[in-house]
Enquirer: 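Sharing a structure, written as structure tokens. Questions coming.
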Amino acid sequence: MPELAEVEYFRKRWNPGLGRKVVGVRLNPKARVGRGVDTRALAKALTGAKLLESLAAAKQMAFRFTGGAWLGVHLGMTGRLEAGDAERAPTLYDHFQLTMAGGRELVFVDPRQFGRIQFWQGEGVPPWWAKIPPAILSDAFTPGLVAAFLRRRARTSIKAVLLMQERFPGIGNWMADEVLWRAGFHPEAKAGAFGPKSVRKLHATLRTVCAEAMAVIGKDWSDPPDAWLFNHRWQDGGRCPRAKKPLVRAEVGGRTTCWSPTRQVLGAERR
DNA sequence: ATTCTTGTTGCATC
DNA sequence: AGATGCAACAAGAA
């Protein structure tokens, strides 16, 4: 589920822990979400440390603690963050949990366990945080970067290319479809076929969709307006909110993809 | 019972 | 060497 804006939403769900000290760390040792993590070092560093701030970028979150300790969280497909008190009923999938001074519990829940946690301690920011590519909403994300990337992935469908985190951090399946639908490009168009005008259109639409998603979903998980593709893409018999014609669903780039055949026509990308 | 899934990675192949 | 495609991971939902 979690793409750019959902991740920002979940980041804030741990806000009740800000400024508080960790009094307990629990990682389900059998859970895959802890793969590759030095559990003992993590527990040692976080116990007694104070949570100073949280950050979100792409589909990644970072929680910074005193002592130069950082906890990274990636939600995978089904992960979520929750906060509660001692009254909170545990779920089968509470794989990682921080108990904070005052009794607040910060929990990472993830049934499918495609998500994971990371840990780092030292000066500056963790390497896995520093290497996240420039955000789509940042000045560093330019049409030139998009054009160069599309050239390199020339023979791949634009749908699959938009899902590549190394250039489009935070874009997931629904956002990719939303962008292509709004910009009027067929998901199976080859990335190499995009002309300069189409690259600029794609770049601008990426920014718009990210900004609107952050304002609506990232803010408080409000329901997106019906003018978005989002509300129609999974309904059987769903109709394009602009063309009012039936939407199509098919697998493109290995993922279920939804588009409006009257608005998204192969060839439009050549301009 | 079967097929589906808003993500990523590692590996085989081109 | 770099690009491309796909199975695998796990488990709930329809």
Side-chain angles (χ1 to χ4, degrees), chain A residues 1-11 28-37 56-61 72-81 91-96 108-118 128-129 131-133 136 148-182 187-194 206 209-210 212-214 216-218 221-224 228-238 247-259:
Chain A
M1 179 193 313
E3 302 178 23
L4 184 76
E6 290 93 343
V7 170
E8 166 63 6
Y9 171 79
F10 281 123
R11 176 188 72 81
N28 174 359
K30 294 210 177 93
R32 255 183 106 244
V33 299
R35 55 196 180 278
V37 174
K59 298 175 187 172
Q60 180 82 30
M61 286 172 280
V73 180
H74 192 296
L75 297 170
M77 192 90 94
T78 54
R80 63 182 189 269
L81 298 189
T91 80
L92 272 176
Y93 311 108
D94 294 357
H95 296 308
F96 179 78
F108 174 28
V109 188
D110 187 4
R112 281 175 79 179
Q113 299 187 63
F114 291 180
R116 69 192 311 164
I117 61 170
Q118 289 170 292
W128 40 261
W129 189 260
K131 77 176 190 194
I132 296 174
I136 290 170
F149 193 74
L150 264 51
R151 275 197 300 276
R152 193 145 68 81
R153 305 292 181 167
R155 298 189 312 177
T156 305
S157 69
I158 190 63
K159 168 63 187 277
V161 170
L162 287 181
L163 293 175
M164 293 177 178
Q165 300 300 298
E166 61 193 283
R167 180 46 69 217
F168 304 108
I171 298 294
N173 205 29
W174 81 255
M175 290 185 86
D177 283 1
E178 188 79 29
V179 167
L180 293 173
W181 173 73
R182 291 201 197 190
E188 288 176 305
K190 300 293 183 207
F194 276 67
L206 278 158
V209 169
C210 285
E212 292 186 12
M214 291 297 269
V216 173
I217 296 168
W221 205 292
S222 298
D223 291 332
W228 295 16
L229 179 64
F230 186 96
N231 287 350
H232 311 272
R233 52 175 286 123
W234 296 118
Q235 296 168 20
D236 286 330
L247 293 163
V248 171
R249 259 179 297 176
E251 190 169 294
V252 179
R255 309 297 300 279
T256 299
T257 299
C258 176
W259 72 95

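Letters A, B, ... are given to chains in the order of the sequence lines, protein chains preceding strands, and every chain is numbered from 1.
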Enquirer: Of all the choices, dT4(C), dT6(B), dT8(B), which nucleotide is nearest to the side chain of R153(A) once you look at every atom?
Expert: dT4(C)
Enquirer: Answer yes or no: does a side-chain N or O of R152(A) lie under 4.0 Å from OP1 or OP2 of dG2(C)?
Expert: no
Enquirer: In terms of side-chain heavy atoms of K59(A), which of dC9(C), dA3(C), dT8(B) is nearest?
Expert: dT8(B)
Enquirer: Choosing from dT8(B), dG5(C), dC9(C), which nucleotide comes nearest the side chain of R32(A)?
Expert: dC9(C)
Enquirer: When Watson-Crick pairs (N1 to N3 and N6-O4 or O6-N4) and G-U wobble pairs (N1-O2 and O6-N3) count only below 3.5 Å on both distances, what is the dot-bracket string of DNA chain C, with | for other-strand pairs?
Expert: .||||||||.||||
Enquirer: For the residue pair W228(A) and W174(A), categorise the inter-ring angle as parallel (less than 30°), tilted (30 to 60°) or perpendicular (more than 60°).
Expert: parallel
Enquirer: Here's a test of your reading of the structure: between Q113(A) and T156(A), which maps to the more 5' nucleotide of DNA chain C?
Expert: T156(A)
Enquirer: Can F114(A) be classed as stacking with the base of dT8(B), given a centroid separation cut-off of 5.5 Å and a plane angle cut-off of 30°?
Expert: no
Enquirer: Between the side chains of K159(A) and D177(A), is the shortest nitrogen-to-carboxylate-oxygen separation below 4.0 Å, so that they form an ion pair?
Expert: yes
Enquirer: Quick test of your reading of the model: are K131(A) and E166(A) salt-bridged, counting only N-O distances below 4.0 Å?
Expert: no
Enquirer: Between R182(A) and E178(A) (salt bridge meaning N to carboxylate O under 4.0 Å), is one present in this structure?
Expert: yes
Enquirer: From dT6(B), dA11(C), dT4(C), pick the nucleotide closest to the side chain of R155(A)?
Expert: dT4(C)
Enquirer: If you compare every side-chain N and O of H74(A) against the phosphate oxygens of dT8(B) (OP1, OP2), does one of them come in below 4.0 Å?
Expert: yes
Enquirer: I need the residues from residues 160-173 of chain A with at least one non-hydrogen atom less than 4.0 Å from DNA chain B; give them sorted by number, or say none.
Expert: Q165(A), G172(A), N173(A)
